[in-house]
Enquirer: 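Can you read through this structure? Questions will come right after.
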There are 2 protein chains.
Amino acid sequence: MSNEIDKKLEQKNIKPTAMRELVYEVLDKNKKALSLYEIEQQFENVERSTIFRTLKTFQDKLLIHSVDDGSGAVKYALCDDDCTCSLDDLHYHFLCTKCGQTHCLKNMPIPKVDLPEGFNFENANFVIKGTCPNCQG
Amino acid sequence: MSNEIDKKLEQKNIKPTAMRELVYEVLDKNKKALSLYEIEQQFENVERSTIFRTLKTFQDKLLIHSVDDGSGAVKYALCDDDCTCSLDDLHYHFLCTKCGQTHCLKNMPIPKVDLPEGFNFENANFVIKGTCPNCQG
DNA sequence: GAATCACATGCAACAGTATTGCAAAGTTAT
DNA sequence: ATAACTTTGCAATACTGTTGCATGTGATTC
Ligand SMILES: [Mn+2]
Ligand SMILES: [Mn+2]
Ligand SMILES: [Zn+2]
Ligand SMILES: [Zn+2]
């Protein structure tokens, strides 16, 4: 049926199941990062823990990445096809303080940062807050 | 008694109380950002909610700022004397993945970022993760 | 095809952090 | 001293994330 989606899942070594197809679909059609709760809301009767574990699988297999935008809930977004979740794939994220939506700014890679002596860079989470295009007065 | 501390509090229009002096002292002597729980641990019998409200007051009065470093708990650190918690005072933060300590990199102001059309910069939270000077193998 | 196995799901319970209502205690003003 | 206001302590709750365990489902082996 949803052969497109199954292909995406299998590309990342994820066995396609009904649940996984559904969660993938939600992440794909919303073009922003979504929290566990927000994903749950888009279904009628789907178990939170199942979605949770689905997201965990997706993240382990590098199909999605997560952002902690400071809103209280971690949000998840699809990676690009060629993403390996390495340092080169890190990008800015934007949290709109009006509508609460979180956007991946995938074309804005985060820059190298010169740290003080003794600090070693491994990873980064750069979140910018403000108003998004939909919320301009 | 702790006239030094009282002065700091009064400078920011915070009425000095015993609790507030104690919480200030903990934040001052630890040179890093601390979570509510970490602060609580440094006392014998102090109410979490009281510390919580103390931190809220401190933050409202611009005596401290908070960092969401993705560790699960928000952390708090003293501002510099001349800090007004405006854009110019924003700085990078560093979370050590080994010891879990969070450092203010106060001499590293976060740069202006060119956002795509329609996005409006209001605030930012830039967290770098890695190993800190104390944890180098 | 039946037995076996690995994995996925559903349900319920729990953990960690943050937050609030309310009454008691303390402080300041009249 | 009384009243008004603020701070604190205690208990309860909300919210997000996480896990144990039983059940279901589909693939594999015999
Ligand atoms: Mn992203
Ligand atoms: Mn800081
Ligand atoms: Zn918005
Ligand atoms: Zn460290």
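So you know, we letter chains A, B, ... as the sequences are listed, proteins then strands, and number each from 1.
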Enquirer: Begin with the C-alpha distance, continue with both residues' side-chain angles, and end with the deciding distance and a verdict on side-chain contact (heavy atoms from CB on, under 4.5 Å) for B/Val23 and B/Val46.
Expert: CA-CA 10 Å; B/Val23 172; B/Val46 177; over 6 Å; no

Enquirer: Please report the distance, rounded to the nearest Å, between CE in A/Met19 and P in D/dG26.
Expert: 15 Å

Enquirer: Identify all side-chain donor-acceptor contacts of residues 120-132 of chain B below 3.5 Å with residues at least two apart in sequence or on another chain.
Expert:
unit_1	atom_1	unit_2	atom_2	d
B/Glu122	OE1	A/Thr97	OG1	3.3
B/Asn125	ND2	B/Asp68	O	3.0
B/Thr131	OG1	B/Gln136	OE1	3.4

Enquirer: Report the distance from atom OH of B/Tyr37 to atom P of C/dA18, rounded to the nearest whole Å.
Expert: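 Nearest whole value for this atom pair: 12 Å.
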
Enquirer: Sugar-phosphate means primed atoms, P, OP1 and OP2; the rest is base. With that split, encode nucleotides 25-30 of chain C 5' to 3' as B, S or - using protein heavy atoms under 4.0 Å.
Expert: ------

Enquirer: Which ring pair (Phe, Tyr, Trp, His ring centres under 6.0 Å) pairs, counting each pair once, include a residue from residues 29-69 of chain B, with sequence neighbours left out?
Expert: B/His65-B/His91, B/His65-B/His93

Enquirer: In whole Å, what is the span from the CG atom of B/Asp68 to the C1' atom of D/dT16?
Expert: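 After rounding, the gap between these two atoms is 13 Å.
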
Enquirer: Check this for me: A/Lys112, atom NZ, are more than 12 non-hydrogen atoms of other residues, nucleotides or ligands nearer than 6.0 Å?
Expert: no

Enquirer: Tell me, do A/Phe119 and B/Cys135 make a side-chain contact under 4.5 Å, heavy atoms counted?
Expert: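 No, every pair of side-chain atoms sits at 4.5 Å or beyond.
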
Enquirer: Would the distance check show the side chain of B/Arg20 and the main-chain N or O of B/Lys15 forming a donor-acceptor pair, the cut-off being under 3.5 Å?
Expert: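 Present.
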
Enquirer: For a side-chain contact (heavy atoms from CB on, under 4.5 Å) check, start with the C-alpha distance between A/Lys75 and A/Leu34, then their side-chain angles and the critical distance, and finish with the verdict.
Expert: CA-CA 5 Å; A/Lys75 296 186 181 168; A/Leu34 297 176; 5.8 Å; no

Enquirer: Calculate the interatomic distance between B/Ile14 atom CD1 and D/dT6 atom P; express it in whole Å.
Expert: 15 Å

Enquirer: Would you mind reporting whether B/Val74 and B/Val67 have side-chain heavy atoms less than 4.5 Å apart?
Expert: no

Enquirer: Are the side chains of A/Ile64 and A/Leu27 in touch, meaning some heavy atoms are under 4.5 Å apart?
Expert: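 Counting from C-beta outward, A/Ile64 and A/Leu27 do come under 4.5 Å.
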
Enquirer: Please state how far atom CG in A/Asp6 lies from atom C1' in D/dG26, giving the value in whole angstrom units.
Expert: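 Rounding to the nearest Å, CG of A/Asp6 and C1' of D/dG26 are 15 Å apart.
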
Enquirer: Name every residue in residues 39-56 of chain B that has at least one heavy atom under 4.0 Å from any atom of DNA chain C, in order of residue number, or write none if there are no such residues.
Expert: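 Going residue by residue through residues 39-56 of chain B, the ones with a heavy atom under 4.0 Å of DNA chain C turn out to be B/Ser49, B/Phe52, B/Arg53.
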
Enquirer: Could you list by number each residue of residues 92-104 of chain A showing a heavy-atom separation from DNA chain D of less than 4.0 Å, or answer none if no residue does?
Expert: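 Contacts with DNA chain D under 4.0 Å: none.
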
Enquirer: Under 3.5 Å, side-chain donor or acceptor atoms of residues 79-87 of chain B against the rest of the protein: list the pairs with distances, not counting sequence neighbours.
Expert:
unit_1	atom_1	unit_2	atom_2	d
B/Asp80	OD1	B/Lys106	NZ	3.4
B/Asp81	OD1	B/Lys8	NZ	3.1
B/Asp81	OD2	B/Lys8	NZ	3.1
B/Thr84	OG1	B/Ser86	OG	3.3
B/Thr84	OG1	B/Asp89	OD2	3.2
B/Ser86	OG	B/Asp89	OD2	3.2

Enquirer: Please give, in whole Å, the distance from D/dT6 C1' to B/Asp60 CG?
Expert: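 Going from B/Asp60 (CG) to D/dT6 (C1'), I get 15 Å.
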
Enquirer: For the pair made of CG in B/Asn13 and P in D/dT7, what is the distance, rounded to whole Å?
Expert: 12 Å

Enquirer: With a 4.5 Å cut-off on side-chain heavy-atom distances among I, L, V, M, F, W and Y, is there a chain of contacts connecting B/Leu22 to B/Ile5?
Expert: yes

Enquirer: If you only use heavy atoms from C-beta on, which nucleotide in D/dT8, C/dT9, C/dA18 is closest to the side chain of B/Thr17?
Expert: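 So the nucleotide nearest the side chain must be D/dT8.
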
Enquirer: When the distance from NZ of B/Lys75 to C1' of C/dA18 is rounded to whole Å, what number comes out?
Expert: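 Atom-to-atom, B/Lys75 to C/dA18, this comes out as 16 Å.
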
